[in-house]
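Values in this document were obtained by computation on a predicted structure and should not be read as measured data. Labels below follow one simple rule: chain letters A, B, ... track the order of the sequence lines, proteins then strands, and each chain is numbered from 1.
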Number of protein chains: 2
Amino acid sequence: MSTAEKLDRVSRRQVDKFEERRRELAGAALQTLSELGYARTSLREIAQNSAFSHGVLHYYFRDKVELITYCVRQYKTACAQRYDTIVATAETPQTLADGFTDALIATLVDDATMHRLWYDLRSQALFEPSFREDVLEIDAMLERMIWRIVSRYAELVGREVAVPPAPLYAMVDGLFQQALLRQLAGQEQAGAELRANVLRLVGTLFPA
Amino acid sequence: MSTAEKLDRVSRRQVDKFEERRRELAGAALQTLSELGYARTSLREIAQNSAFSHGVLHYYFRDKVELITYCVRQYKTACAQRYDTIVATAETPQTLADGFTDALIATLVDDATMHRLWYDLRSQALFEPSFREDVLEIDAMLERMIWRIVSRYAELVGREVAVPPAPLYAMVDGLFQQALLRQLAGQEQAGAELRANVLRLVGTLFPA
DNA sequence: GGTGCATCTTGACGGTTGTCCAAGAAAAGC
DNA sequence: GCTTTTCTTGGACAACCGTCAAGATGCACC
């Protein structure tokens, strides 16, 4: 093994470890953000939710903006493959619709704090241009996810979807957002209403 | 005039002046919030956007939460009668639809900063229960506004609306929110797309 | 013209923030 | 085992925060 190869291997190992720690700290940051929201989250609070002291954050991230941006990207990849198995395994329109709405309500109930963080960060992007690119990217990804599900549904029922991906996602997202607000306000029926509303919306996508 | 009447008149004048100044300061606060967002707005910054010094805020408001809550309520009443004249004057479905979408796009372009504040505060309500009541109230008010327009439209075309008020508002709001994000990101066609998307949605509300 | 009250300014307070840095601990290389 | 590099700590820093209170200012009323 040459000296160059050795150095390369060493530096790669270091890069891996570096990246791993970044992921770890970003995880602690995401947890803190989802509990407190963007406005009340400080670097010291994030460090307290990790195994390290507050100084280490500036060893792995240039500043707070880079940390938050990294968090948003990490959140994105976590969301990405959520619904893919449902699309892959569904054989009938019924099982696809049921699987989709079940998963939707499960995230509404179980991941409510993470989703309110998402809406918080998307609002921040309305003010802070440095967040905008990542937020638009995540929105586009969620849009594709919805589109995969609906176009698979269209395939199963042998129809064509009459609404473009962007407004379709916007409407589903609007329904989800209202459901989340009601869910966090303690309204028990939020999940059931969300299911009914989404199913009705899907019903209007295929004109006769 | 009796002494009691005099005192009453004086105290009423004082109350009026007190309320007027509260409105004035809340206006400066709303301007600051719409520029900086909730997370970056401080009392000193608000005072700098007014004719007074920062100490006066605690003369008219108990603390920051009361000020922000007052702002949200003031914002609500400003939004309230926005679309009423359109509903009142429209004689045909066409003029109603045109008037509504025109007004919608006008607020998207002209009042973009105020609307991003609204989405910011609604996100805050997901974390801060003290904001929740007012936010839910404003949402309910906007929901009624949309419902007035759509049910008037239904009346003009002689049909029945097939979607309840809550999910209808949620979907329109979702479309508006995506349009706002694109508008603030500099995409020129955001307004035109919003119009098309809203008109398509309205078209699906009346099944054959 | 002085008195009392409402209003407003100013400066201070304790606390928190993001950022930086010197120093020590840990790990790696030889 | 020693040196060098990497990693981590904890404190210092200036700036900013919400809040408060003492005093200045203006203004109506007797």
In whole Å, what is the span from the NZ atom of Lys64(B) to the C1' atom of dC17(D)? 8 Å
Give the rounded distance in Å between these two atoms: NE2 of His58(B) and P of dT10(C). 18 Å
From dT8(D), dT7(C), dG18(C), nucleotide with atom closest to Val56(A) side chain: dT8(D)
For the residue pair Gln177(A) and Arg182(A), confirm or rule out a side-chain donor-acceptor distance under 3.5 Å. no
Under 4.0 Å between a side-chain nitrogen and a carboxylate oxygen: does that hold for Glu19(B) and Arg22(B)? yes
Name the closest nucleotide to the Ser42(B) side chain, picking from dG18(D), dT8(D), dC7(D). dG18(D)
Upstream residue (5' side of DNA chain D) when Tyr60(A) and Thr41(B) are each assigned their closest nucleotide: Tyr60(A)
Lys/Arg N to Asp/Glu carboxylate O, Lys76(A) vs Asp134(A), below 4.0 Å: no
Nearest nucleotide by nearest heavy atom, which residue falls closer to the 5' end of DNA chain C, Phe52(B) or Asp63(A)? Phe52(B)
Atom CD of Gln48(A) and atom C1' of dT16(C) are separated, to the nearest Å, by 13 Å
Less than 4.0 angstrom between a side-chain N/O of Tyr59(A) and OP1 or OP2 of dC7(D), yes or no? yes
For Ala47(B), report the nucleic acid contact type (base, sugar-phosphate, nothing); a contact means any heavy atom under 4.0 Å. nothing
Let's see if you can work this out: which of dC20(C), dT17(C), dT9(C) has an atom nearest to the side-chain heavy atoms of Arg44(A)? dT17(C)
Okay, side chain of Asn197(B), backbone of Arg200(B): is any donor-acceptor separation there less than 3.5 Å? no
Among dC17(D), dT17(C), dT19(D), which nucleotide has an atom closest to any side-chain atom of His54(B)? dT19(D)
What integer distance in Å separates Glu45(A):CD from dG18(C):P? 10 Å
Over how many whole Å does the gap from Glu24(B) atom CD to dT7(C) atom C1' extend? 13 Å
Phe61(A) CZ to dC20(C) C1', in whole Å, measures 18 Å
To the nearest Å, how far apart are Ile68(B) CD1 and dC17(D) P? 13 Å
Atom CG of Leu43(A) and atom P of dG18(C) are separated, to the nearest Å, by 4 Å
Between Arg122(A) and Asp173(A), is there a salt bridge with N-O shorter than 4.0 Å? yes
Between Val65(A) and Ser53(B), who's closer to the 5' end of DNA chain C by nearest nucleotide? Ser53(B)
